[in-house]
Amino acid sequence: MSAHRRLLHFSYALPVFIALLGLLVASSVSADPVVKGTVGESVVLPAGLSPQENPSEVEWGWGETTIALSDVNVSTEQFRDRVHLNRTDWSLTINLLRAEDSGEYKRVARAASGGQLPTRIVTLRVYEKIKLEVTTKPSNETCRATLLCTANQREHVSYRWKREDQDLPEHAGILQVSLSPGEINVTFTCIASNPVSEAAASIRESCADDGKATLWWWIYTAATIFLLLVFICIGMVVVLHKKKKRSKAVKETLEPQTIYAEIDRKSTQRNHVAPPSNAQQSKSLPSTVYATVTLKQAPGQSCTSQYDA
Ligand SMILES: *[C@@H]1O[C@H](CO)[C@@H](O)[C@H](O)[C@H]1NC(C)=O
Ligand SMILES: *[C@@H]1O[C@H](CO)[C@@H](O)[C@H](O)[C@H]1NC(C)=O
Ligand SMILES: *[C@@H]1O[C@H](CO)[C@@H](O)[C@H](O)[C@H]1NC(C)=O
Ligand SMILES: *[C@@H]1O[C@H](CO)[C@@H](O)[C@H](O)[C@H]1NC(C)=O
């Protein structure tokens, strides 16, 4: 194999090697599972031991304390009468879960041969079962309301809303609703979930079709349209005014400008008549000429002048 081909071979082998390494790391990570539990309910923490491993002694620990040992009944303050070690698969059952049971549980096992088996860490996350309530925030506005979805917990909660059977885009615990006159008993539902549970609560909102509500609805709509029109008018006036100003400025530059210049003219050079006797004094007569100049702005061209006089 040439050096080049060997290099090629290596460059193919490297990604495969990295992928295998990644798989190995991933599998070792998945050996430390996360178990979710609900307050008041039971949870089983798997020991991750195969029957072939046949351990002689298994111990479950929580922090520094031992909470279960294969051949001794252990009793700790927190887990008293709540833990049970399954002596068949060595899993640990915790009953009547409390929020403070969350944390890392360590399973240590000794093989019948005397050696230590790989230790396993199981992470337990205990969540409270979600409970909800939907309330309407008091408001003076007719046919508009703010709905509040209140859960019994703040963290790890996600919300969604429905109007009758239709999903709404809001994903917060608060919803602004507005109804049209005549919409009666419209059901709004809040659905909240956390990693272990989901709950829903509903409220009915109405927009009575008495004359007053309709009147207010029309006033509101008319006012909105009026404001919109006012804004459009202001915008148009501003644009027109700007346009006018610009054309005026262009006009001003185009207005003819009279330029005066004083020049000295030697009378003798032009008039071939006999010079007057006082030629000595008026050898040069100052005279004024003027021209009216119109500046035209042509595209791509500088000013051109036009002499009118
Ligand atoms: C542990 O307690 C259970 C019942 O709670 C009992 O059957 C078992 O014999 C006890 N084991 C030891 C080693 O004391
Ligand atoms: C112990 O584990 C075995 C195997 O998973 C199961 O069949 C058995 O019902 C469990 N025993 C108890 C008391 O939970
Ligand atoms: C609602 O109206 C009442 C009286 O009509 C007033 O006292 C109160 O402050 C208003 N509340 C709000 C939130 O505007
Ligand atoms: C709206 O709900 C109320 C209270 O449940 C009920 O009395 C009323 O008949 C309902 N109205 C309509 C139009 O469904």
Side-chain angles (χ1 to χ4, degrees), residues 30-38 40-62 66-76 78-98 101 105-112 117-124 126 132-139 141-149 161-166 168 175 177-190 196 200-217:
S30 72
D32 293 343
V34 174
V35 176
K36 291 173 201 160
T38 309
E41 296 182 3
S42 300
V43 75
V44 177
L45 307 183
L49 293 166
S50 63
Q52 299 96 286
E53 278 171 309
N54 188 28
S56 63
E57 191 185 84
V58 173
E59 180 192 333
W60 279 93
W62 193 77
T66 298
I67 55 171
L69 201 58
S70 52
D71 51 4
V72 186
N73 283 341
V74 187
S75 172
T76 58
Q78 184 180 340
F79 296 97
R80 187 187 305 275
D81 303 328
R82 293 201 295 130
V83 293
H84 175 254
L85 182 64
N86 185 323
R87 283 158 216 263
T88 307
D89 65 0
W90 306 107
S91 63
L92 185 74
T93 302
I94 308 174
N95 300 310
L96 296 166
L97 276 173
R98 302 173 188 171
D101 294 343
Y105 290 77
K106 193 158 120 187
R107 192 274 295 135
V108 182
R110 191 161 297 124
L117 291 168
T119 298
R120 185 185 226 209
I121 306 275
V122 179
T123 303
L124 174 64
V126 182
L132 288 186
E133 195 189 16
V134 182
T135 50
T136 309
K137 214 170 146 187
S139 158
E141 280 182 284
T142 34
C143 300
R144 311 187 115 218
T146 303
L147 306 184
L148 295 174
C149 186
W161 290 88
K162 277 186 172 189
R163 182 193 161 126
E164 299 292 349
D165 289 331
Q166 278 200 303
L168 296 175
L175 179 74
V177 300
S178 83
L179 299 170
S180 326
E183 287 189 303
I184 309 291
N185 289 352
V186 179
T187 307
F188 290 93
T189 307
C190 170
V196 294
S202 297
I203 199 165
R204 279 196 287 195
E205 290 291 324
S206 297
C207 178
D209 195 12
D210 58 8
K212 206 174 149 199
T214 316
L215 186 71
W216 276 111
W217 189 83

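The residues of the chain are indexed from 1 along the displayed sequence. Since we're looking at a predicted model, the values are computed, not measured. Order of appearance sets the numbers: ligands from 1, and atoms from 1 within every ligand.
- Under the 4.0 angstrom criterion, atom 14 (O) of ligand 4 counts as having a protein heavy-atom contact.
- Inside a 4.0 Å radius of atom 5 (O) of ligand 4 there is at least one protein heavy atom.
- A distance of 9.0 Å separates OG1 in Thr189 from CH2 in Trp161, rounded to the nearest 0.5 Å.
- No option in Val74, Leu92, Ile94 other than Ile94 meets the side-chain contact (heavy atoms from CB on, under 4.5 Å) test with Phe79.
- Distances from atom 2 (O) of ligand 4 to the heavy atoms of Ile184, Asn185, Val186 put Asn185 nearest.
- Ligand 2 has no nitrogen or oxygen under 3.5 angstrom from a nitrogen or oxygen of Thr88.
- In this structure, Ile203 CD1 and Thr136 OG1 are separated by 3.0 Å, a value rounded to the nearest 0.5 Å.
- Ranking the protein heavy atoms by distance from atom 1 (C) of ligand 2 puts Asn86 ND2, 1.4 Å first.
- For Gln78, the side chain to side chain contact (heavy atoms under 4.5 Å, CB included) partners at least two apart in sequence or on another chain are Trp62, Arg82, Arg98, Glu100, Asp101.
- The backbone N or O of Ser139 sits nowhere less than 3.5 Å from a side-chain atom of Arg144 that would complete a donor-acceptor pair.
- The shortest N or O to N or O distance between His84 and ligand 2 is not under 3.5 Å.
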